[in-house]
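Only a predicted model underlies this, so the values are computations on that prediction, with no experimental measurement involved.
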Amino acid sequence: MGYFTDKYLPYYTIEERDRWEGDWELVEGIPYALASPSVVHCKINLDVSKII
């Protein structure tokens, strides 16, 4: 990351993340919320899995 983002973004550990509500992913200590897949996305996954 750049100078400003390194300076101002908080960093978290896996132990801290485990106490949060909801689905989160940590990438180099930065949290990202994991959104639920849409209905269209689920249908595409199902169609692809039938082909494979």
If you group Ile, Leu, Val, Met, Phe, Trp and Tyr whenever their side-chain heavy atoms sit less than 4.5 Å apart, what else falls in with I44? V40, V48, I52
Inter-residue atom distance R17.CZ - R19.CZ, 0.5 Å rounding: 11.5 Å
Sorted by chain and residue number, the side-chain contact (heavy atoms from CB on, under 4.5 Å) partners of S36 (sequence neighbours excluded) come out as none
Which residues share a side-chain contact (heavy atoms from CB on, under 4.5 Å) with L34, sequence neighbours left out: D23, E25
Smallest heavy-atom separation, I14 atom then L26 atom, equals N-CD1, 3.8 Å
D18: which residues meet the salt bridge (charged side-chain N to carboxylate O under 4.0 Å, His left out) condition with it, sequence neighbours left out? none
Does W20 have any ring-ring contact (aromatic ring centres under 6.0 Å, His included) partners at least two apart in sequence or in another chain, and if so, which? Y12, W24
Quick test of your reading: applying salt bridge (Lys or Arg N to Asp or Glu O under 4.0 Å), list the pairs with at least one residue in residues 37-46, sequence neighbours left out, ordered by first then second residue. K43-D47
